[in-house]
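Some notes on the structure that comes next.
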Amino acid sequence: MAASDYNKEPSRASDFTINQTTPFNAEPPVAILREHFVTANDKFYVRNHAPVPLIDEASYKLSVEGLIARHCKFSIWELKHSFPQHTVMATLMCAGNRRTEMSDIKAVRGVGWGCAAISNAVWKGPRLRDVLFMAGIEKLESLWDQLHVDFEGIDICKDKRGYGSSIPLHKALEKRGDVILAVEMNGSELPRDHGYPVRVIVPGYIGARSVKWLKTITIQMHESTNYYQKKDYKLFLPEVDWDTVDELWDKSPAIQELNVQAAITQPRDNEMIPKGSSYTVKGYALSGGGRKITRVDISFDGGKSWKVANMFTASQNLPKMDTKWSWEFWECSVKFMPSPCQIICRAWDEGSNTMPENIHQIWNLRGVMNNSWVRVNVVSDEAKL
Ligand SMILES: Nc1nc2c(c(=O)[nH]1)N[C@H]1C(S)=C(S)[C@@H](COP(=O)(O)O)O[C@H]1N2
Ligand SMILES: [Mo]
């Protein structure tokens with residue numbers, strides 16, 4: 001299996017904004033993203049750290065190992081047929097979503113992203129908890145609180161290891177069993193870019209934990225030692241730079257749950273809107289850990305006064321599915337659009353968490369978890385008259 005070159009990459013939609021070609025990193029146009037509550041497979045953002053592996057499903061085996069009583073290997077056929085298949089609608093968001101706004105303030109290291117490193121799909125496959133019980137996880141019950149589930153992909157990344165990360169075992173064992181080993185995405189087999197033939201879906205956590213091209217699951221007493229758990233996806237004070245960060249990696253926790261986030265998808269920054277016309281602002285919001293979005297506030301005067309946006313996930317033409325792990329779509333209409341103006345958006349979740357006003361306070365050298373107030377400037381048509 002040659003995972004070492006970029007000659008065998010899958011074909012991709014032409015309307016993506018490509019943030020990096022090798023490895024491939026791209027986001028769909030935000031307006032299209034916001035049109036469909038469930039993102040089409042070929043519009044779903046792609047975040048790769050290495051060439052997409054070419055995998056022969058017939059010989060592929062997923063290995064379950066570590067402290068678990070019965071080490072097992074499962075073929076894709078067994079994953080599809082030996083376990084009940086569970087369907088979960090879940091929004092994935094990269095911790096680097098909105099990174100470019102952070103690098104506009106001060107350089108950060110990482111692929112630049114606008115606000116479309118986020119997408120929503122219906123995933124299907126066996127529950128991770130069922131697979132772990134098949135391998136004898138009940139025998140370790142006295143250790144459940146201390147164990148971690150380590151995932152490793154087949155794509156060779158930093159330190160010449162497969163891309164990897166881990167989640168605490170309690171997340172994998174949650175009763176509703178929504179952490180799954182997805183073999184289907186929106187009713188089709190997983191596209192190569194999204195982890196064919198099997199990937200983990202960890203709803204409510206940063207996208208980085210939903211490991212694609214999954215090769216090995218290891219039950220262990222410590223979190224993953226992989227680069228992407230230990231040396232990436234962590235938060236630091238704004239004053240920490242690449243000269244001072246070295247000793248801090250081990251002391252800082254790995255980000256797991258997403259924070260509360262939102263974006264304005266219409267209008268786009270610097271769009272011209274006629275003064276005094278009626279207008280509808282549109283966007284999305286999402287929080288981590290399955291916390292519901294409880295309110296989205298919009299200001300048309302730079303934050304002096306606010307209007308509450310309408311959320312309408314329920315009225316979307318959805319398959320009858322639980323939307324616990326999905327984003328929320330919102331819109332906010334005004335009869336007389338002020339122009340020019342700065343539109344601001346901030347969301348709240350059911351833990352009463354909201355988004356910080358000031359991006360400088362949360363700036364960090366990797367440019368992750370930027371959930372500062374969303375600001376979009378509207379330009380007046382008068383200037384052009
Ligand atoms: N094996 C593997 N899994 C991976 C990655 C990767 O590069 N390799 N990228 C991670 C990151 S950072 C994100 S945000 C999501 C992106 O999933 P997507 O490309 O299906 O949108 O996959 C995660 N899983
Ligand atoms: Mo990510």
Side-chain angles (χ1 to χ4, degrees), residues 1 3 6 9-10 12-13 16 18-20 22-28 33 39-55 60 62 90-99 108-113 115-123 150-159 161-167 179 181-186 188-217 224 226-229 231-234 254-256 258-259 261 286 288 327 366-370:
M1 203 169 310
Y6 288 101
E9 296 281 286
R12 287 142 176 157
F16 271 138
I18 298 174
N19 298 320
Q20 192 175 314
T22 51
F24 189 75
N25 284 286
E27 57 192 302
L33 187 69
T39 314
N41 289 0
D42 66 350
K43 299 282 183 253
F44 203 100
Y45 82 97
V46 179
R47 203 293 175 241
N48 294 341
H49 289 80
V52 177
L54 249 187
I55 294 169
Y60 198 66
L62 169 67
T91 301
L92 289 190
M93 182 169 77
C94 183
N97 194 28
R98 300 181 58 203
R99 177 178 283 138
V108 300
R109 212 174 275 177
V111 178
W113 294 95
C115 63
I118 179 172
S119 301
N120 186 42
V122 178
W123 311 91
D150 176 285
F151 307 117
E152 193 163 303
I154 203 166
D155 51 331
I156 303 302
C157 300
K158 281 269 164 39
D159 308 329
R161 289 172 65 181
Y163 178 96
S165 70
S166 64
I167 60 171
V179 179
L181 304 181
V183 289
E184 267 186 30
M185 179 179 184
N186 293 330
S188 310
E189 73 181 10
L190 275 184
R192 284 185 60 212
D193 263 331
H194 300 292
Y196 173 82
V198 57
R199 80 175 300 172
V200 193
I201 291 293
V202 187
Y205 275 32
I206 57 170
R209 309 301 173 226
S210 291
V211 174
K212 306 193 273 190
W213 313 293
L214 182 64
K215 182 74 183 135
T216 313
I217 297 176
S224 169
N226 197 281
Y227 180 91
Y228 300 97
Q229 189 84 13
K231 294 269 160 107
D232 203 348
Y233 301 111
K234 295 193 173 192
I255 303 165
Q256 298 282 42
L258 288 166
N259 54 6
Q261 176 67 289
L286 173 72
W327 55 8
R366 279 290 282 115
V368 288
M369 306 301 270
N370 175 21

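Indexing begins at 1, ligand by ligand and atom by atom, following the structure's order.
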Discussion item. Does either side chain, that of N41 or that of N186, offer a donor lying less than 3.5 Å from an acceptor on the other one?
Written reply: yes
Fill in: Pairs satisfying salt bridge (charged side-chain N to carboxylate O under 4.0 Å, His left out), at least one member in residues 194-215, at least two apart
none
May I have the N/O to N/O pairs between ligand 1 and the protein that fall below 3.5 Å, each with atom names and distance to one decimal?
| residue | atom | partner | partner atom | Å |
| --- | --- | --- | --- | --- |
| ligand 1 | 1 (N) | D155 | OD1 | 2.8 |
| ligand 1 | 1 (N) | D155 | OD2 | 3.3 |
| ligand 1 | 1 (N) | K212 | O | 2.9 |
| ligand 1 | 3 (N) | K212 | N | 2.9 |
| ligand 1 | 7 (O) | H49 | N | 3.0 |
| ligand 1 | 7 (O) | H49 | ND1 | 2.7 |
| ligand 1 | 8 (N) | D155 | OD2 | 2.7 |
| ligand 1 | 9 (N) | R47 | O | 3.2 |
| ligand 1 | 17 (O) | R199 | NH2 | 3.1 |
| ligand 1 | 19 (O) | R47 | N | 2.9 |
| ligand 1 | 19 (O) | K212 | NZ | 2.5 |
| ligand 1 | 20 (O) | H194 | ND1 | 2.6 |
| ligand 1 | 20 (O) | R199 | NH1 | 2.7 |
| ligand 1 | 21 (O) | Y45 | O | 2.6 |
| ligand 1 | 22 (O) | R199 | NH2 | 3.3 |
| ligand 1 | 24 (N) | S210 | O | 3.0 |

Item to complete: Kindly determine whether V368 and K234 satisfy side chain to side chain contact (heavy atoms under 4.5 Å, CB included), including the steps that lead there.
Response: CA-CA 8 Å; V368 288; K234 295 193 173 192; over 6 Å; no
Worksheet item: Taking only residues two or more places apart in sequence or in another chain, which ones pass salt bridge (Lys or Arg N to Asp or Glu O under 4.0 Å) with R366?
Response: D232
Worksheet, complete the sentence: P197 meets the side chain to side chain contact (heavy atoms under 4.5 Å, CB included) criterion, sequence neighbours left out, with I55, E57, Y60, I76
Worksheet item: Considering the options Y228, F24, Y227, which one meets the ring pair (Phe, Tyr, Trp, His ring centres under 6.0 Å) requirement together with H49?
Response: Y228
